[in-house]
Amino acid sequence: MEEPAEARVGRGQRLYEACREDLELFGVDELEERLDILRAEQARVQAQIDKKRSGRAAADALFAPRPN
């Protein structure tokens, strides 16, 4: 008998679920650790945004119409 396939988790779904957790269940140390993790994730996301914007700017500059 085959095991049922696990449902695939959508992109960003785990983050959404983490944001809905009841914070009353966490201690101060756990909340501070959570903040550290969130700050690191924020920096990682910002770095990716900057990288994508830089790549887009380079592409726009390369393919921009040139004056005659």
Side-chain angles (χ1 to χ4, degrees):
M1 190 183 246
E2 292 183 34
E3 293 183 29
E6 292 184 29
R8 225 177 148 174
V9 177
R11 195 180 331 193
Q13 184 64 32
R14 288 189 179 110
L15 178 60
Y16 176 76
E17 290 169 0
C19 290
R20 295 179 47 101
E21 285 183 312
D22 184 0
L23 298 179
E24 287 291 327
L25 304 174
F26 292 87
V28 172
D29 290 342
E30 292 170 313
L31 290 168
E32 288 175 344
E33 180 182 7
R34 187 179 182 107
L35 271 179
D36 291 341
I37 292 168
L38 289 169
R39 287 183 186 116
E41 180 63 4
Q42 180 183 13
R44 189 176 79 97
V45 169
Q46 188 61 56
Q48 188 65 33
I49 289 170
D50 295 344
K51 179 180 173 184
K52 288 180 177 280
R53 284 185 177 154
S54 175
R56 177 61 188 248
D60 288 347
L62 181 64
F63 295 107
R66 297 175 194 253
N68 289 331

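When the side chain to side chain donor-acceptor pair (under 3.5 Å) test is applied to Gln48, no partner is found at least two apart in sequence or on another chain. Applying the side chain to side chain donor-acceptor pair (under 3.5 Å) test to Glu24 and every residue at least two apart in sequence or in another chain returns nothing.
The residues Glu41 and Arg44 are annotated as salt-bridged, a charged nitrogen and a carboxylate oxygen being separated by less than 4.0 angstrom.
Annotation for Leu62: hydrophobic cluster partners, listed by chain and number, are Phe63 (ILVMFWY side-chain heavy atoms under 4.5 Å, direct or chained).
For the pair Lys52 and Arg56, the minimum side-chain heavy-atom distance is 4.5 Å or more.
A donor atom on one side chain and an acceptor atom on the other are not found under 3.5 Å apart for Gln46 and Gln42.
The structure places CG of Leu38 at 6.5 Å from CZ of Arg34, a figure rounded to the nearest 0.5 Å. Rounded to the nearest 0.5 Å, atoms CG (Asp29) and CD (Glu32) are 6.0 Å apart.
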* Asked: What do the steps show when you test Phe26 against Glu33 for side-chain contact (heavy atoms from CB on, under 4.5 Å), and what is the final call?
  -> CA-CA 10 Å; Phe26 292 87; Glu33 180 182 7; over 6 Å; no
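Between the side chain of Glu30 and the backbone N or O of Gly27 there is at least one donor-acceptor pair closer than 3.5 Å.
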